[in-house]
Amino acid sequence: MLRTHTCGELSLKNIGKKVTLCGWIQRSRDMGGMTFIDLRDRYGITQLAFNMDGRAVLCGKARALGREYVLKATGIVIERSSKNLKIPTGEIEILVEEFDVLNESKIPPFTIEDNTDGGEEQRMKYRYLDLRRNVIKKNIELRHKMSVETRNYMNAQGFIEVETPCLIKSTPEGARDFVVPSRMNAGEFYALPQSPQTFKQLLMVAGYDRYYQIVRCFRDEDLRSDRQPEFTQIDCEMSFVTKEDILNTFEGLAKYLFKNVRGIEVNDFPRISYADAMKYYGSDKPDIRFEMKFVELKSSGSSPHLGGLEGGNSPFEGGKGDVIDLTSGKNFKVFDDAELVVGICASGCGEYSRKQLDELTEFMKRPQIGATGLVYVKCNNDGTFKSSVDKFYNEEYLKKWAATFQAKPGDLILILAGNTEKTRKALCELRIEMGNRLGLRNPDIFAPLWVTDFPLLEWDEETHRFYAKHHPFTSPKPEDIPLLETNPAAARANAYDLVINGVEIGGGSIRIHKKDLQKKMLKTLGFTDEEAQSQFGFLMNAFEYGAPPHGGIAFGFDRWCAVFGGSESIRDYIAFPKNNAGRDIMIDSPSAISQQQLDELNIRLAPGNKK
RNA sequence: GGGGUCGUAGCUCAGUUGGUUAGAGCGCCUGCCUGUCACGCAGGAGGUCGCGGGUUCGAGCCCCGUCGACCCCGCCA
């Protein structure tokens, strides 16, 4: 070892000891007679001291060292005459006797500090320098801790980690596949897995009844701050279980991680049906760190599927499928024509100025949200009301509305109207915005919940067919199986999502384990028997050899790390992420390949695509 | 596929109505300084204003195109 200690561990206990440290020069301070160097490694920073008295030559050499030079320094640990209590090693310093420059460094393009002056692009181009920064290092360490603790929990629960292949078969369902040409099989392609879904099901058939894998997955879709083309899942599957068993097992995992990674004890996770999540939050991944639930002033009753039939144990009570109307008959066309009139009550915002209200309206009219307008009702402190629809609704009406919202004087009611789906979605955005404005979305507070009973299928207007909302291996709820033939849209899935702070952390389902039902499902999705057999025959064949009932879940590992780290972006939790366009600007990929490589792969590029 | 923000010194940014020699902070270089720790002080270097075209007596600023970065919608079973 070149060093005896790290830069983070020396203290007053080590006074007088001769030590050798290795690290990078964070900064040096030349005082004329003395020079100080902050030496940094993964573990911390230790100050090196050089004095012109006695060691003028050495001190002179030290003055010439630049930022990020790699140094090996040997000297005696001494107590500082003026201490820096801001850092753990601030009571000592190394009186250097000799040092070697292990490597020089160019001037880095940005400062290696928590508050770096580097912009996104520079940081990604020189990611190896960015990773030297404390803030990023902490994220990468958090990620490591997450994977260690995940494995600890899963192993203790009797799960075994099994690796599944990366070169698999392309299927048209779901996201676009990344595709890999096969040299040995001209004209044919592998696909990279979007998830190890079918393999883990085959492991269940094989009798490996508790499987997990921390595994890379690939999806060729457009990126976001929380979406990368390659990302990591905690992929899990169990046999001989019900939904309840899975929820309990993985609520256990989540609680274990909360405790061992974040040091937080969390209560049992609330559960909410998809239907209620949409009704009360306009989202299937609600942020329940704050209330501000939707209140409907007019609704046509139940949506086509899902009435929250499991009601009773849900804390999210409320009229399910009620037909209500507190708005019609006053000639306000916007409300009269609307399928849904729904709003939220922002506590203490009754004093909002005209400017603030206009701002909110503009926010809602942005093309990304696309609301046509925003109705407000201010609940004045004297018990009167002021609304943007005073012309149509008198005090009596507004009072009735306020009562429905349980609004207090000083509150602000914000109302949207229109088509049910769009209006809920838009109001969800507004709810999040108001949550932000009111400081109700503290990243250090965690509100996990399960969302259950998703619809099994989604109708696509363009292609005029059903798509699996989760994936085509998801089992319908047993009582809804007959609906596949009569009313597929109403069928609910035996599926569930884990949501933390409005972020979808994971999702899973009880799977289909019988060939007949799998065939029926694929048929509902528009597959012919031949297509079903050619694409998923391997799975259905396996089901004929004693497939056990099974189910599982997969967690977005990067997102979970980001949520635990208090960030909305997953990039800083991935050592080498890709940019918006799926490029790695450090290694400059993707890139063109040689004609020889193309020839070997039997690939001819379309004209105009040659680079 | 669409919407938005942005591109000026190594880095982060300012730059008014189109008008003289394009600025600041940080960083960098030189000098001074024996207890700093975001050291301080003095001085200095550093610019194809992303790229191409256009309008104009004159463009960092206006127009057209193009490239790139970031955020969002669509998409992501």
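From a predicted model like this one, the values you see are computed outputs, not experimental measurements. Numbered from 1 within each chain, the chains take letters A, B, ... in sequence-line order. The figures that follow rest on heavy atoms only: side chains count, while hydrogens, waters and symmetry mates do not.
Atom C1' of B:G44 sits at a distance of 39 Å from the matching atom of B:G53, rounded to the whole Å. A gap of 30 Å separates the P atoms of B:C64 and B:G23, to the nearest Å. Distance check on atom P: B:C63 versus B:G47 gives 29 Å, rounded to whole Å. One P atom belongs to B:C41, the other to B:G25, and the distance between them is 12 Å to the nearest Å. Here the separation of B:C28 from B:G65, taken at their P atoms, is 43 Å to the nearest Å. Comparing the C1' positions of B:A59 and B:U17 gives an interatomic distance of 14 Å, to the nearest angstrom. Across B:G46 and B:G27, the matching C1' atoms stand 11 Å from one another, rounded to whole Å. Separating the C1' atom of B:U8 from that of B:A24 is a span of 13 Å, rounded to the nearest Å.
Base pairing of B:G65 is made with B:C51, judged by Watson-Crick or G-U wobble geometry with both donor-acceptor distances under 3.5 Å. Searching all strands for a Watson-Crick or G-U wobble partner of B:G31 with both distances below 3.5 Å returns B:C41. Base pairing analysis places B:A24 opposite B:U12; the two distances defining the Watson-Crick or G-U wobble pair are each below 3.5 Å. Under the Watson-Crick or G-U wobble criterion, with both distances below 3.5 Å, B:U36 has no partner in any strand shown.
Residue A:Glu113 places no side-chain atom within donor-acceptor reach of the base of B:G27, judged by atom type and a 3.5 Å distance cut-off alone. At a cut-off of 3.5 angstrom, counting only N and O atoms as typed in the model, there is a donor on one side and an acceptor on the other between the side-chain of A:Gln368 and the base of B:C72. A donor-acceptor contact under 3.5 Å links the side chain of A:Asp222 to the base of B:G74. One cannot find a donor-acceptor pair under 3.5 Å joining the base of B:G68 and the side-chain atoms of A:Arg583. The base of B:C76 sits within donor-acceptor range of the side chain of A:Arg227, with an N or O pair under 3.5 Å.
Of the two residues near RNA chain B, A:Asp38 and A:Phe110, the one whose nearest nucleotide lies more 5' is A:Phe110. A residue-by-residue look at A:Ile585 and A:Ser225 shows that A:Ile585 has its nearest nucleotide of RNA chain B further toward the 5' end.
Checking A:Asp177 against A:Gln194 by side-chain atom types alone, a donor-acceptor pair falls below 3.5 Å. If you check the side chains of A:Asp460 and A:Thr463, you find a donor sitting under 3.5 Å from an acceptor. Side chain to side chain, A:Gln213 and A:Thr164 meet the donor-acceptor criterion of an N or O pair below 3.5 Å. Inspection of the A:Lys422 and A:Asn419 side chains reveals no N or O donor paired with an N or O acceptor under 3.5 Å. There is no side-chain donor-acceptor pair under 3.5 Å between A:Gln535 and A:Glu531. A donor-acceptor contact closer than 3.5 angstrom links the side chains of A:Asp235 and A:Tyr211. When only modelled atom types and interatomic distance are considered, A:Ser273 and A:Asp453 share no side-chain donor-acceptor pair under 3.5 Å. Residues A:Glu9 and A:Thr6 bring a donor and an acceptor atom of their side chains to less than 3.5 Å of each other.
Closest to the A:Arg571 side chain, of the nucleotides B:C71, B:U34, B:U36, is B:C71. In this structure, of B:C75, B:C73, B:C37, it is B:C73 that holds the atom nearest to the side chain of A:Lys425. Comparing B:C70, B:G68, B:G74 by their closest approach to the side chain of A:Glu121 singles out B:G68. In the set B:C70, B:U12, B:C75, the nucleotide with an atom closest to the side chain of A:Asn580 is B:C70. Side-chain atoms of A:Ser82 lie closest to B:C37 of the nucleotides B:C75, B:C37, B:A69. Considering only side-chain atoms of A:Met31, the nucleotide from B:G1, B:C37, B:U36 that sits closest is B:U36. Out of B:G35, B:U12, B:G74, the shortest distance to the side chain of A:Gln122 is found at B:U12. Minimum atom distance to the side chain of A:Arg27 is reached by B:C39, of the listed B:G3, B:C39, B:A69. For A:Arg224, whose side chain is taken as the heavy atoms from C-beta onward, the closest listed nucleotide among B:G35, B:U34, B:C75 is B:C75. Comparing B:C76, B:C70, B:G27 by their nearest atom to the side chain of A:Glu120 picks out B:C70.
Checking the phosphate oxygens (OP1, OP2) of B:G35, no side-chain nitrogen or oxygen of A:Lys83 falls inside 4.0 Å. In terms of phosphate contacts, A:Arg29 brings a side-chain nitrogen or oxygen within less than 4.0 Å of OP1 or OP2 of B:C39. Between A:Arg67 and B:C28 there is a side-chain N or O to OP1 or OP2 distance below 4.0 Å.
With respect to A:Asp38 and A:Arg29, a salt bridge is recorded, a charged nitrogen being found less than 4.0 Å from a carboxylate O.
Nucleic acid contact class of A:Glu93 (heavy atoms, under 4.0 Å, all strands): base. Using a 4.0 Å heavy-atom criterion, one finds that A:Pro472 contacts the bases of the nucleic acid, with or without backbone contacts as well. In this structure, A:Asn579 reaches the sugar-phosphate backbone alone: every heavy-atom distance under 4.0 Å involves primed, P, OP1 or OP2 atoms, never a base.
Rounding to whole angstrom units, NZ of residue A:Lys365 and P of B:C72 are separated by 24 Å. A:Ile112 places its CD1 atom 14 Å from the P atom of B:C11, with the value rounded to the nearest Å. Here B:U34 presents its C1' atom at 15 Å from CZ of A:Arg80, a figure rounded to the nearest Å. The separation between A:Asp53 atom CG and B:U34 atom C1' is 8 Å, rounded to whole Å. For A:Ile25 and B:G27, the CD1 to P distance is 16 Å, given to the nearest whole Å. Whole-Å rounding puts the A:Asp30 CG to B:G35 C1' distance at 13 Å. A:Lys106 has its NZ atom 15 Å from the C1' atom of B:C11, to the nearest Å. Whole-Å rounding puts the A:Met52 CE to B:C33 P distance at 10 Å.
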